[in-house]
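The structure appears below as structure tokens.
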Amino acid sequence: MRIVCIGGGPAGLYFGLLMKKLHPEHRVTVVERNKPYDTFGWGVVFSDATMEAMNAWDPESARDIQDAFNHWDDIEVLFKGTRQRTSGHGFVGIGRKRLLNILQKRCEDLGVELVFETNVENDLDYADADLIIASDGVNSFIRNRYADVFQPDLVVRPNRYIWLGTNKLYDAFTFDFRKTEHGWFQAHIYKFDDQTSTFIVETTEEAYEAHGLGRLDQQGSIDFCQTLFAEVLEGAPLMTNARHLRGSAWLNFNRLICGKWSHFNGHSHVVLMGDAAHTAHFAIGSGTKLAIDDAIELTRQFRNLGHGKENIPAVLEAYEEVRRVDVARIQNAARNAMEWFEVVGRRYADTLEPEQFMYSMLTRSQRISHENLRLRDRTWLEGYERWFARRTGLDVADDVRALPPMFTPYTVRGVTLPNRIVVSPMAMYSAKDGLIDDFHLTHLGARALGGAGLVFAEMTCVSPDARITPGCLGLWNEEQAAGWRRLVDFVHGCSAAKVGIQIGHAGRKGATKRAWDGIDQPLDGDPATEEGGWPLFSASALPYLPQSRVPKAMDRADMDRVKADFVRAAELAATTGADWLELHVAHGYLLSSFLSPLTNRREDEYGGSHENRARYPLEVFAAVRAVWPADRPISVRLSCHDWFEGGNTPDDAAIFAQFFRQAGADLIDCSSGQVVKEEKPVYGRLFQTPFSDKIRNEIHIPTIAVGAISEADHANSIIAAGRADLCAVARPHLADAAWSLHEAAKIGVTTIPWPQQYRSAKYQYESNLARAAGTSS
Ligand SMILES: Cc1cc2nc3c(=O)[nH]c(=O)nc-3n(C[C@H](O)[C@H](O)[C@H](O)COP(=O)(O)OP(=O)(O)OC[C@H]3O[C@@H](n4cnc5c(N)ncnc54)[C@H](O)[C@@H]3O)c2cc1C
Ligand SMILES: Cc1cc2nc3c(=O)[nH]c(=O)nc-3n(C[C@H](O)[C@H](O)[C@H](O)COP(=O)(O)O)c2cc1C
């Protein structure tokens, strides 16, 4: 086979050498526009996993790379006059030039033809090639030439960065955060050989503009950075090796995803590799790793499927299929880390204390969790747990293990929750006439006994026609309040848990069947009974499904009536002894239908701007707050993302959260979606937590995170990082009423009390877990 790699970066060189090594009869050429020893950039970092793979595929080059490596374990953060350090993070760094020179030498030894100082302008210049590797980096001309096939999706990210070097050597991966009169700057610093450290400086576009950095030449930018980071540089100068870049050398990171990775140009098969196919932000230092892993995978597919020309299409297909998965995973983590650095100034740096700032930074990609930090550096993590617990008012001695964050108490107004775990509201569709019965007592009672700090019942409807289904709970009469009293008394008498009531009105999503008879499907029973449905209200006269009943767009009289229903429900709730009220303004129900532009098409003062759309929900909130006891909190549940074009996004949710905060809401419960049926949510572990993080740290109101939080490790990571104050857990609580108690045992916390009646099971449960983990004595 004749193989031509266009671009002699890590991807092109490594693929070239692997293929030549595996099949010496192939003719392999790498064409590079630069000189052999001429390259931009400073150091790159690798993970142990990539090194293992390189060792398996080509021990010779791996050995040389390993010899040239600088290894370090610590991360140090300089922030607001503090210097914090943690260990166990295991990085290896190597100079980019050194890496390329090792790969070039290995290519030459194996007989790969290296052509330098040749700028390829047309892939058809290599029409004799069977396979062309487009390893020509992020600005790949080949990808751009066949853009209609490769479908590149390139997003220019908002931050600016400049990639510099210094001869000062650092013994930890160092992050330095500095505030100027125009905003925050951060330096990412690490040593990669015996003389040099990489020094990347990053800031927002606004700060870059305000300082006029775009108008400076490279020396001007270097002078600026040297002054700003003088403390960490200790007099060492900064250097550039990007003189080839015109202007100031401050760049924007380009996030790239391609719809397809290969193409037949009429003569040769062309395939994208490395940065030409995808990019991962330097915040997790994985670009070179991805390029190397691509080269390995394509070689593996040739080895598995055959080296003949006829196998190329199948090989390219298999390569793309396998690599897409890994690349998406890394890009996901890189995106989280990148976004953290993009918002760090406005979201975290001015808000969090240094200890929590450090924790938030370490967990920025959401790949490193609380327990993972314990494995890396137990002393640091346990010190942080003590700091966190003390801030919640617990008295913790220096030599004891503090309660992990999720088990620390939380106080708001006159209510103290024993821990941060909430049983999220879940409709059970099992009520008759809206009444709490033995099912609800048993169901919610069991979850209170199971260790949660706050137990919410399902959305409790403020009038008969506010119900989603005929099976929903209600609170519009004294008989219903009496049922609640029985439940509240039971929970208070038998557990430390507090009780929350979520009040709501179904709006246009009302009068539907119980979930198991057809979720969201309109009732079609006997019209003379409630099984035949009832008239609906919403912000606008738009049905939820095409077959749904068309709601009436509320007029002022409807609004007054429904507001009075909410007030009555809140007054009744206050008499039950319930500790907490939540106003349901999410999921497309009545109040949520006002907030979303997808469901609110009104042209009066209740539609249009954010202020107008929020007017009625805020009016209801104020009326409810006025009758709900001042010493008890109210949270507001919002859909923080409609997941549909033209709908609300987290930026809109932040505006609404601000309004509710000003109106006296105590927390925002950050859910999303269910506003329109055509939504396209992006699910995943902790998928709604970023909304909570944004609202808590930008709007400065406490939050509840919810959605795919299924382990103690998730909850601890969220709360410790300050991404939420409480974690609501729904489906895992259906699977396991004692979720909190069991999760405590699973992470080795044995100090959480079980109900006295169950105590004999506690020790056995913990011992069985310890035995299974091989940690029992
Ligand atoms: C500030 C910064 C910091 C980074 N830090 C890290 C890090 O710590 N760890 C990490 O793993 N990665 C890091 N990266 C990413 C890393 O540099 C890339 O992901 C990696 O180099 C990709 O390898 P590649 O071979 O695909 O592309 P490149 O390394 O970009 O190589 C492409 C090559 O193609 C050549 N070329 C382009 N067009 C032509 C043409 N028409 N004709 C001939 N030759 C051509 C170029 O000269 C270049 O040598 C960082 C990137 C930046 C910007
Ligand atoms: C059976 C069921 C019923 C639900 N009912 C409600 C409800 O009444 N009110 C509400 O705000 N959310 C409701 N939800 C949403 C949950 O409170 C929660 O936000 C969602 O399930 C995501 O959390 P999880 O991933 O822990 O399940 C319900 C969820 C389930 C599974």
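Side-chain atoms of E202 and N159 include a donor-acceptor pair closer than 3.5 Å.
A centroid separation of less than 6.0 Å is found between the aromatic rings of W340 and Y348. Taking the six-membered ring for Trp and the full ring otherwise, F173 and H188 have centroids separated by 6.0 Å or more. Under the 6.0 Å cut-off for aromatic ring centres, F177 and F357 qualify, their centroids lying closer than that. In this structure, F150 has its ring center no closer than 6.0 Å to that of W261. With ring centers used as reference points, W72 lies 6.0 Å or more from H89.
Of the candidates V149, L272, L154, C258 forms a side chain to side chain contact (heavy atoms under 4.5 Å, CB included) with just one, namely L272.
Shown here is E181, whose CD atom has more than 12 heavy atoms of other residues, nucleotides or ligands within 6.0 Å. At most 12 non-hydrogen atoms from other residues, nucleotides or ligands lie less than 6.0 angstrom from CZ of R98. Heavy atoms from other residues, nucleotides or ligands lying under 6.0 Å from NZ of K168 number more than 12.
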Yes or no on side chain to side chain contact (heavy atoms under 4.5 Å, CB included) for L99 and Q104, after CA distance, side-chain angles and deciding distance?
CA-CA 9 Å; L99 171 71; Q104 288 160 358; over 6 Å; no

Between L164 and M239, does a side chain to side chain contact (heavy atoms under 4.5 Å, CB included) hold up when you go through it step by step?
CA-CA 6 Å; L164 302 170; M239 312 177 281; over 6 Å; no

Side chain to side chain contact (heavy atoms under 4.5 Å, CB included) assessment of T203 paired with Q186:
CA-CA 7 Å; T203 190; Q186 56 263 10; over 6 Å; no

Quick one, R346 with D350, criterion salt bridge (charged side-chain N to carboxylate O under 4.0 Å, His left out). Give me CA distance, side-chain angles, the key distance, then yes/no.
CA-CA 7 Å; R346 69 167 186 273; D350 287 328; over 6 Å; no

Side chain to side chain contact (heavy atoms under 4.5 Å, CB included) for S197 and W42? Distances and angles first, verdict last.
CA-CA 8 Å; S197 300; W42 300 93; over 6 Å; no

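A distance of 10.0 Å separates CG of D294 from NZ of K289, quoted to the nearest 0.5 Å. To the nearest 0.5 Å, atom SG of residue C640 and atom CZ of residue F691 are 7.0 Å apart. Taking CD of Q84 as the start and CG of D74 as the end, the distance is 13.5 Å to the nearest 0.5 Å. Separating the CG atom in D73 from the CG atom in D377 is a distance of 9.5 Å, to the nearest 0.5 Å. Residue M358 holds its CE atom at 7.0 Å from CD1 of I75, rounded to the nearest 0.5 Å. One finds the CZ atom of R364 at 13.5 Å from the OH atom of Y359 (value rounded to the nearest 0.5 Å).
In this structure, W250 and F185 have perpendicular ring planes: the angle between them is above 60°, well past the 30° mark.
Salt-bridge formation is detected for the pair D693/R347: a Lys NZ or Arg NE/NH1/NH2 atom is positioned less than 4.0 Å from an Asp or Glu carboxylate oxygen.
Taking both residues in full, the closest heavy atoms of W163 and G43 are given as CZ2-O, 3.5 Å, listed atom of the first, atom of the second, then distance.
A search for side-chain contact (heavy atoms from CB on, under 4.5 Å) contacts involving V232 returns L78, Y170, T174, D176, I189, F199, F229, not counting sequence neighbours. For T204, there are no side-chain hydrogen bond (donor to acceptor under 3.5 Å, both in side chains) partners two or more places apart in sequence or in a different chain.
Looking at heavy atoms from C-beta onward, Q219 lies in side-chain contact with D223 at the 4.5 angstrom threshold.
Under a cutoff of 6.0 Å and an axis angle of 45°, R160 and Y208 form a cation-pi pair.
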